[in-house]
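Structure, as structure tokens:
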Amino acid sequence: MRQIRILIGVLFFVSIGEANVALLRQGVKSYQQAKYASAAVAFHKLINTPKITEEVRVKANYYLGLSLYNLKLYQASSYPMIKVIRSNSNKFKQKSLEKLIIISNKLGDQQMLDYAISKMQVADLEKLAVDVFYFKLASVSYDKRSLEEGIDYLQKALTSNPNSEPALNLLALSYLKKNDVNNAIDTYHKLLALYAHKNNNNPKRSYTLLNLARAYFQAKKFEDAVEFYRNIPKDSQAYRESLTELGWSYLHIGKLRSALSIIHTLHTPFYENYFEPESLVLRAILLNYNCQFDDAEAAVQAFNDNYANTLQILNGWTSQSITIADAIAEINYATEVLKSDKANPNNTMDNMSDYKGKIPFKITRSILKDNRLKNTYDAYLMIREESKASKKYFSGIKSNLDSFLEKIYVGRLNFMKKQLAIKFNDVILFQEKNITYYSQQMKFVYYEILDTKKSQLRIKISAKTEPIVGEVYNRNFYVKNGYRYWPFQGEFWLDEVGNYQYLGDKRCVEE
Amino acid sequence: MFIILMIFVHFNIGTQVNAAETPGVKSAPKAVSKAPDNKKKLTLNFEDETVTGNFEAPDALLISSRRLIKYKELFNRRTNFIEETESNKGLFNEHQK
């Protein structure tokens with residue numbers, strides 16, 4: 001009897017062993033046939049089967065991670081990969097580490113990357129991940145402000161992959177921070193060459209042009225800076241950001257009319273819902289240089305009307321305790337408006353009176369573009385999309401995998417929301433300081449306007465009241481009060497933007 | 001009579017004042033405070049103009065009227081756009097398509 005019991009026990013364990021092997025084979029077969037959802041279900045079932053060997057468990061985790069990775073469920077794929085890395089297996093550990101570096105790069109997850117880097121040596125990497133590995137080391141050095149160390153890592157990354165866009169961009173930025181402007185300019189030219197065959201309004205191409213213009217500006221080569229600012233296409237996202245900077249460039253080379261033409265574009269209703277306090281300060285400075293005191297004082301007044309109230313609102317926000325839900329709600333209100341704006345590009349959002357957010361839309365809009373928040377927000381959106389996609393892939397299949405994935409995504413989304421709320425508040429504090437700084441600058445400009453006005457009154461303003469205008473252009477649309485000239489019939493903002501010409505003459509009287 | 005006159009002149013000669021030396025304008029009032037040990041007489045002169053208000057942050061317009069500040073030297077003219085360049089760093093990362 002006892003022998004029979006032993007025999008039954010042995011047969012039982014052998015049958016389990018065979019079932020596990022069969023499940024493993026089924027999973028591998030589905031993976032090889034690119035049926036990643038079925039493969040993932042099989043591997044997950046195998047992992048949760050009791051009494052499997054460590055070797056089988058590690059293999060199943062590795063293939064589960066790969067299956068989820070191929071389904072573009074990157075966040076979820078990192079969990080089984082980390083289990084493999086923590087195991088004693090050498091065979092799959094290195095491959096999992098390489099994959100984890102690529103996943104952390106896709107998600108922008110610094111913590112995950114730090115973990116992966118702490119577990120590996122660069123000699124173990126396959127060529128594919130070397131540049132990513134060095135790029136991430138360089139990012140860490142950059143954040144710690146060790147620029148020389150970062151540049152060193154970036155040059156290694158570029159040795160492995162000379163066309164690595166993130167590495168070239170970060171290298172140029174590091175050179176700018178070191179004020180090594182010649183190397184920064186050369187690096188931006190290399191990066192720009194990579195986009196030679198892209199569309200003119202490709203975002204990366206436009207922003208590379210913008211950054212290159214900024215590098216020339218920093219090098220005090222203002223004519224070259226103007227050339228690159230003007231090459232940015234009007235329908236790209238970088239165009240509006242370039243306008244104030246182009247105004248500064250024109251000011252440095254003494255072309256006040258050109259600077260005022262550019263600034264006028266920024267102050268049309270097309271751009272009224274953008275946060276641009278600096279443009280008003282620059283406008284007041286330019287008009288003061290030209291002794292147009294009424295217009296300069298109007299710019300000061302416009303600044304006070306737009307931004308004094310904003311500062312009070314931001315002070316109110318930062319002085320009270322804000323919940324995560326409040327911060328997320330502000331972000332959601334602004335993104336809803338942005339989505340509706342993108343759907344109708346001719347919509348100038350004239351009526352923002354029904355905007356539900358507490359913080360003005362133009363501020364939230366600029367906060368969403370801030371680097372500190374943008375990376376976290378983009379990662380949050382990615383994980384949210386992954387969560388929806390995972391429900392689509394596994395809804396028709398009976399398994400525990402969908403509850404496993406849901407647990408991962410709910411946890412990560414809650415964590416990301418907390419991070420978003422913290423960074424949102426940090427950026428609000430930064431914008432508060434920004435507005436306070438520009439308010440101070442505007443006060444100095446205002447006192448300078450009063451000083452110049454007094455000195456000009458003393459000299460006696462010239463009797464000439466009409467500006468000298470050229471005879472080449474048709475003056476049918478000449479507007480007397482601002483010396484502005486519209487070359488178009490009617491109003492169609494997208495054509496007018498960037499085409500205003502300031503024709504005013506110098507108004508200052510010499511002593 | 002002549003001797004009396006000479007004695008008067010002798011005692012008053014140091015105090016004779018010419019018209020040219022007479023001050024045309026009354027001098028500002030002087031406050032005199034005596035040092036406790038009577039060795040020196042301290043005089044506080046109130047002829048300097050005073051600025052009323054907070055000395056740590058005097059009124060900017062008042063200082064401007066004294067031409068003590070040139071505001072155009074306080075404008076921060078831009079020399080670089082490094083912060084703005086940093087803000088688009090993330091665009092070039094792989095997950096930013």
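Please read these numbers as outputs of a predicted model, since none were measured by experiment. Letters A, B, ... are given to chains in the order of the sequence lines, protein chains preceding strands, and every chain is numbered from 1.
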Got a second to check how far [X]'s [atom1] is from [Y]'s [atom2], nearest 0.5 Å?
| X | Y | atom1 | atom2 | result |
| --- | --- | --- | --- | --- |
| A:Thr244 | B:Glu84 | OG1 | CD | 9.5 Å |
| B:Phe81 | A:Ser249 | CZ | OG | 6.0 Å |
| A:Leu251 | B:Arg77 | CG | CZ | 7.0 Å |
| B:Lys89 | A:Asn211 | NZ | CG | 12.5 Å |
| A:Asn169 | B:Thr85 | CG | OG1 | 9.0 Å |

Contact class of [X] relative to chain B, heavy atoms under 4.5 angstrom:
| X | result |
| --- | --- |
| A:Lys220 | neither |
| A:Leu191 | side chain |
| A:Tyr216 | neither |
| A:Tyr438 | side chain |
| A:Tyr437 | side chain |
| A:Tyr446 | neither |
| A:Ser164 | neither |
| A:Glu278 | side chain |

Worksheet item: Any donor and acceptor pair, going by atom type alone, linking the side chain of A:His252 with main-chain N or O of B:Thr79 inside 3.5 Å?
Response: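 No; zero donor-acceptor contacts below 3.5 Å.
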Discussion item. Suppose we screen for salt bridge (charged side-chain N to carboxylate O under 4.0 Å, His left out). Which residues come up paired with A:Arg214, at least two apart in sequence or across chains?
Written reply: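 For A:Arg214, the residues satisfying salt bridge (charged side-chain N to carboxylate O under 4.0 Å, His left out) (neighbours in sequence not counted) are A:Glu241, A:Glu245.
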Discussion item. Minimum heavy-atom separation for B:Leu91 and A:Tyr207, please, with both atom names.
Written reply: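 Answer, listing the atom of B:Leu91 first, then A:Tyr207: CD2-CD1, 3.4 Å.
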Item to complete: For atom NZ of A:Lys177, decide whether the heavy atoms of other residues, nucleotides or ligands shown that lie under 6.0 angstrom number more than 12.
Response: yes
Worksheet item: For A:Lys369, does the NZ atom have more than 12 heavy-atom neighbours from other residues, nucleotides or ligands under 6.0 Å away?
Response: yes
Discussion item. Going by side-chain contact (heavy atoms from CB on, under 4.5 Å), name the residues that satisfy it together with A:Asn179, two or more places apart in sequence or in a different chain.
Written reply: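 side-chain contact (heavy atoms from CB on, under 4.5 Å) list for A:Asn179, sorted by chain: A:Val181, A:Gln218.
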Worksheet item: Does A:Leu173 reach the side chain of B:Phe92, with side-chain heavy atoms less than 4.5 Å apart?
Response: no
